[in-house]
Amino acid sequence: MPLIEGRSAVKLLPQEHIRLVETAIRSAQSSGALTAFDLPATIEIRPPKNPAQGDYACAVAMQLARTTGMNPFDLANTIAAHLPPADFVGAVEVLKPGFINFRLNENWLRVQIEQIISEGDALYQLHLGDGQRAQVEFVSANPTGPLHVGRSRGAMVGDTIARILEAAGYSVEREYYFNNAGVQMTNLGNSLRVRYLEALGMPVQIPAEDDTTFYQGDYLKDFARDLAAERGDSLTEADWQPFKEYAEKRMFEIIKTTLRRVNVQHNIFFNENSLYESGAVWQTLDALKDSGHIYQAAEWDGATEAEKQKAAGKAPATWFRSSALGDEKDRVLVKSDGAPTYTLPDIAYHMNKINRGFDLLVNILGADHGAQYKVVQYGVNALGKDASKIHVVIIQLVRAVRDGKEVKMSTRRGDYDTLDDLIDLTSADVVRYMLLARSPDSHLNFDLDLAVKQSNDNPVYYIQNAHVRCAGILREAESRGLTDADADLTLLGAAEGRFLRKALELGEVIAISAQGLEPHRIAFYAHELAGVFHPIYDEVRALHGDVAPEVQRARLRFYRAAQVVFKRVLMLMGMSAPERM
RNA sequence: GCCCCCGUAGCUCAGGGGAUAGAGCAGCGGUCUUCUAAACCGUUGGCCGGGGGUUCGAAUCCCUCCGGGGGCGCCA
């Protein structure tokens with residue numbers, strides 16, 4: 001994803017500082033203080049860990065020491081001497097090896113309170129993706145059962161990525177891709193049929209637990225009871241099909257309702273079957289044939305002896321020569337019985353997405369599907385389209401832990417933990433945060449005991465309480481007839497400055513999260529921000545009796561801005577921003 | 001065997017090549033006469049899995065080994 005220069009009413013401070021440094025280097029060069037050389041491709045500016053080293057630090061002098069032949073300390077001083085003035089800069093200091101350390105202008109910092117309040121819910125609405133359309137495809141579970149904890153992680157990550165891309169300026173669509181054909185759905189229909197006959201009191205044999213073709217979940221008994229009530233015994237002679245259709249309809253209602261509980265709503269539900277109805281699947285195959293990537297054979301060209309033996313006597317299948325494009329082996333697109341594998345419609349689906357004109361495609365996949373996307377990319381490339389705009393986020397698996405032991409989750413057996421169960425046990429906000437606050441690359445242990453038992457000192461409440469506290473002060477102020485209008489913000493102290501410094505990092509957090517498709521950064525940032533806030537809330541009292549009225553007004557203004565920041569951050573994570581708890 | 005992810009405090013996890021590696025929980029010791037306890041203050045705790053390399057500088061990049069998870073189907 002290209003990072004176009006961000007614009008925002010509230011400044012993206014790292015970029016602003018980089019601009020100053022670049023200007024300084026160029027003007028030092030034109031004045032002869034520095035020799036001519038190309039600017040480094042990237043100049044790093046970020047808040048140092050140690051606050052004594054300033055608000056933003058730049059290590060460019062060390063980067064340039066070799067190319068200029070100067071020692072970094074002298075180089076840093078030369079650059080610093082040529083820095084143009086800027087309203088947000090308070091002081092510049094050059095330290096030890098060659099760091100240029102910037103300190104924000106204190107008055108400028110405090111005045112940002114007005115900017116923050118005026119931007120409100122659109123705080124740090126960036127323009128990195130302006131004019132571009134993005135699509136995030138996520139969840140995409142087939143309607144064979146309720147969403148379980150494992151799937152839920154992708155739901156939270158996908159929706160939050162969508163929110164972050166929106167904040168970065170993209171126009172975003174959320175899509176759910178599903179398949180309502182295939183063996184699993186047939187099994188679902190057959191399973192409901194058995195339950196239906198059972199509900200009518202007819203003699204049936206319930207398949208054993210280890211029967212992998214039978215869905216044991218209790219929800220099918222509910223469906224069966226309702227179906228028996230609606231249709232009586234009119235379906236006793238029917239095959240699996242009407243049962244599958246009924247089960248699918250009910251299942252989707254449940255899935256959508258569950259997702260809505262955690263603030264997830266898709267714009268489009270894309271049925272794989274439509275790719276067959278439109279002819280897209282076979283057109284895709286024809287196009288691949290025309291481009292010379294297809295052959296008919298019983299086994300693939302590079303088959304081992306073992307594979308050859310396995311394939312012996314099989315009718316020819318249709319192969320995609322993906323190994324020529326970098327794949328480990330070729331892939332079957334059409335089985336010997338004439339039916340396509342999932343790979344062919346998957347390629348057709350992604351061609352469909354690209355042809356819909358999206359500039360950025362994001363695909364959220366579980367690690368168990370991690371190998372599949374490469375084949376799709378080979379397919380898209382083979383058809384002459386640019387697969388690089390498809391970005392795949394692989395989510396590592398969630399392991400549910402209860403009593404210190406792993407809880408196995410199986411949709412078929414029915415003893416899994418559903419997302420609904422989890423929401424009932426905790427809350428939508430807790431579930432969203434816990435599934436979000438981890439790098440997608442990291443395996444996630446979801447401790448079910450902890451999620452319930454310790455919900456009272458959960459980070460979720462820590463963050464939300466910051467918003468609640470701001471709301472509480474402003475509510476109390478209003479009831480006392482106090483106003484924060486026309487506040488003299490220069491009356492605010494160092495503690496408020498600490499919060500504002502942190503608050504002004506939000507834009508950069510959004511930019512980096514969007515660029516790297518890393519929504520967990522927002523979750524960690526939110527917690528850090530609350531960690532800066534709470535001590536200040538303790539220390540800086542607005543409505544206390546001995547606070548002078550004009551100071552009081554400034555502090556109320558500060559808490560109003562703080563509330564805006566917390567609300568914005570909570571909304572980015574799809575969480576609620578409560579006024580009271 | 002091959003491919004992907006992970007290995008950082010007792011536990012769960014952050015850390016986009018930079019300065020003395022962080023947070024939460026757990027542990028220990030304190031704080032509610034206040035708009036303020038789902039909160040605050042103090043404190044204990046690390047050969048960043050091992051070994052090489054690149055770099056002025058490595059938890060971060062490269063190689064290798066060890067350990068854990070996932071994937072390697074004419075299933076989806």
Side-chain angles (χ1 to χ4, degrees), chain A residues 42 44 46 48-50 52-53 57-59 62-63 65-66 71-72 95-99 101 141-142 144 179 182-184 272 298-300 310-311 314-319 328-329 331-337 339-343 346 366-372 374 394-397 399 434 437-447 450 454-466 468-469 472-477 479-480 482 508 511-513 515-516 518 520-521 523-525 527-528 530-531 533-539 541-547 556 559 581:
Chain A
T42 57
E44 293 277 329
R46 68 178 61 179
K49 282 175 237 163
N50 184 350
Q53 293 162 343
C58 182
M62 270 85 81
Q63 281 177 267
R66 168 165 294 206
N71 90 59
L95 280 182
K96 295 191 288 184
F99 289 100
N101 294 341
N142 291 338
T144 55
N179 170 7
V183 180
Q184 289 183 20
E272 178 188 314
E299 74 238 353
W300 74 289
K310 241 176 146 182
K314 274 196 176 173
T318 304
W319 293 82
E328 308 166 357
K329 56 171 291 189
R331 310 285 170 174
V332 171
L333 295 186
V334 183
K335 298 183 264 185
S336 18
D337 66 3
T341 62
Y342 58 92
T343 303
D346 225 9
D368 52 341
H369 291 224
Q372 169 63 4
K374 283 186 184 161
I394 303 286
I395 308 282
Q396 296 305 312
L397 298 185
R399 191 197 344 246
M434 290 189 75
R438 218 135 300 184
S439 159
D441 284 340
S442 170
H443 299 263
L444 193 158
N445 276 336
F446 200 119
D447 190 324
L450 204 74
Q454 296 204 335
S455 63
N456 273 356
D457 49 13
N458 195 295
V460 173
Y461 298 101
Y462 188 73
I463 296 163
Q464 287 182 323
N465 191 33
V468 168
R469 286 179 142 183
I473 289 178
L474 295 167
R475 193 165 54 234
E476 176 66 19
S479 77
R480 295 188 193 181
L482 300 171
E508 187 71 359
I512 291 169
S513 300
Q515 255 183 301
E518 297 170 321
H520 69 286
R521 291 179 183 276
F524 282 94
Y525 171 78
H527 195 264
E528 287 170 18
F533 175 83
H534 285 300
I536 294 170
Y537 182 79
D538 234 39
E539 179 188 337
R541 289 147 200 254
L543 302 178
H544 209 52
D546 57 6
V547 177
L556 288 174
Y559 283 114
M581 285 198 319

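This one's a predicted model, so the numbers in the text were calculated from it and none came from an experiment. We name chains A, B, ... by the order of the sequence lines, and we start the count at 1 in each one.
Remark: RNA chain B forms stems of 3 or more consecutive Watson-Crick or G-U wobble pairs, all pair distances under 3.5 Å, at B:1-7 with B:66-72, B:10-13 with B:22-25, B:27-31 with B:39-43, B:49-53 with B:61-65.
Checking B/rC35, B/rG16, B/rA14 against every side-chain atom of A/Ala542, the shortest atom distance belongs to B/rC35. Nearest nucleotide to the A/Lys374 side chain, out of B/rG16, B/rA76, B/rC3: B/rC3. You'll find that the side chain of A/Asp441 is closest to B/rC5, out of B/rC5, B/rC74, B/rG16. Looking at the side chain of A/Asn179, the nearest of the listed nucleotides B/rA38, B/rA76, B/rA19 is B/rA76. The side chain of A/Leu95 has B/rA19 as its nearest neighbour among B/rG24, B/rA19, B/rC35. The side chain of A/Ile473 lies closest to B/rC35 when the candidates are B/rA76, B/rC35, B/rA14. Which of B/rC4, B/rC74, B/rG18 sits closest to the side chain of A/Phe99 comes down to B/rG18. Nearest to the side-chain atoms of A/Arg469 among the listed nucleotides B/rC13, B/rA37, B/rG71 stands B/rA37. The listed nucleotides are B/rC35, B/rA14, B/rG16; the one nearest the side chain of A/Ser439 is B/rA14.
The ring pair (Phe, Tyr, Trp, His ring centres under 6.0 Å) test applied to A/Phe446 returns no partner, not counting sequence neighbours.
One C1' atom belongs to B/rC47, the other to B/rA26, and the distance between them is 24 Å to the nearest Å. Rounded to whole Å, the C1' atom of B/rG57 lies 36 Å from the corresponding atom of B/rG70. The same atom, P, is picked in B/rC61 and in B/rG15; the two are 11 Å apart, to the nearest Å. If you take atom C1' in B/rA38 and the same atom in B/rG46, they sit 31 Å apart, rounded to whole Å. Straight-line distance between the C1' atoms of B/rC28 and B/rG10: roughly 14 Å, to the nearest whole Å. Nucleotides B/rU8 and B/rG16 have their P atoms positioned 16 Å apart, rounded to a whole Å. Using P as the reference atom, B/rU12 and B/rG7 are 12 Å apart when rounded to the nearest Å. When the P atom is used for both B/rC4 and B/rU44, the distance is 42 Å, rounded to whole Å.
Between A/His520 and the phosphate of B/rG15, there is a side-chain N or O to OP1/OP2 separation shorter than 4.0 Å. Look at A/Ser442 and you won't find any side-chain N or O under 4.0 angstrom from OP1 or OP2 of B/rC5. Contact between the side-chain N/O atoms of A/Arg46 and the OP1/OP2 oxygens of B/rG17 is found at a separation under 4.0 Å. Note on A/Tyr462: every side-chain N or O is 4.0 Å or more away from OP1 and OP2 of B/rA37. Proximity of A/Lys49 to the phosphate of B/rU20: no side-chain N or O atom is located under 4.0 Å from OP1 or OP2.
Of the inter-residue distances, the one linking A/Gln515 atom CD with A/Arg521 atom CZ reads 10.0 Å to the nearest 0.5 angstrom. Taken to the nearest 0.5 Å, the CD1 atom of A/Ile395 stands 12.0 Å off from the NE2 atom of A/His443. Interatomic distance, CD of A/Glu299 versus NZ of A/Lys310, reported as 13.0 Å (0.5 Å rounding). Separation of atoms CG (A/Leu482) and CD1 (A/Ile473) is listed at 12.0 Å; rounding is to 0.5 Å. A distance of 7.0 Å separates CG of A/Leu95 from CD of A/Gln53, quoted to the nearest 0.5 Å.
Remark: side-chain polar atoms of A/Asn50 are paired, donor with acceptor, to backbone N or O of A/Ala52 under 3.5 angstrom. The backbone N or O of A/Asn465 lies less than 3.5 Å from no partner atom in the side chain of A/His534, so there is not a single donor-acceptor pair.
In this structure, A/Arg331 reaches neither bases nor backbone, as no heavy-atom distance under 4.0 Å exists between it and the strands shown. Among the atoms of the strands shown, none is found under 4.0 Å from any heavy atom of A/Ala311. Residue contacts for A/Lys329: at a heavy-atom cut-off of 4.0 Å it reaches the sugar-phosphate backbone alone, with no base atom in range. A/His544 comes within contact range of at least one nucleobase, with a heavy-atom separation under 4.0 Å. Among the heavy atoms of the strands, none lies under 4.0 Å from A/Asp346. As judged by a 4.0 angstrom heavy-atom cut-off over every strand, A/Pro535 is placed among residues touching the sugar-phosphate backbone only. As judged by a 4.0 angstrom heavy-atom cut-off over every strand, A/Leu444 is placed among residues touching the sugar-phosphate backbone only. At the heavy-atom level, A/Ala317 lies under 4.0 Å from base atoms of the strands shown. In this structure, A/Asp538 reaches the bases: a heavy-atom distance under 4.0 Å links it to at least one base atom across the strands shown. A/Leu397 comes within 4.0 angstrom of the backbone, heavy atoms only, and of no base. Here A/Thr318 lies out of heavy-atom contact (under 4.0 Å) with every strand. Residue A/Ala371 is in sugar-phosphate contact alone, with no base atom involved, counting any heavy-atom pair closer than 4.0 Å across all strands shown. Residue A/Gln372 is out of contact with every strand shown, counting any heavy-atom pair closer than 4.0 Å. Counting any heavy atom pair closer than 4.0 Å across all strands shown, A/Glu299 reaches no nucleic acid atom.
Counted by atom type alone, A/Gln372 and A/Asp346 present one or more donor-acceptor pairs between their side chains at under 3.5 Å.
For A/Asn101 and B/rA19, a side-chain-to-base donor-acceptor distance below 3.5 Å is present, hydrogens and geometry of angles not being considered. A donor N or O paired with an acceptor N or O is found under 3.5 Å between the base of B/rA76 and the side-chain atoms of A/Tyr342. A donor-acceptor contact under 3.5 Å is formed by the side chain of A/His443 with the base of B/rG68. Evaluation of atom-type donor-acceptor distances gives a pair under 3.5 Å for the side chain of A/Ser336 against the base of B/rC74.
The aromatic rings of A/Tyr559 and A/Phe533 sit perpendicular to each other, their planes meeting at more than 60°, with 30° as the lower class boundary.
Comparing A/Gln53 and A/Glu539, the nucleotide of RNA chain B nearest to each residue sits closer to the 5' end for A/Gln53. For the pair A/Gln396 and A/Lys335, both in contact range of RNA chain B, the more 5′-proximal nearest nucleotide belongs to A/Gln396.
B/rC72 takes the anti form, because its glycosidic angle lies more than 90° either side of 0.
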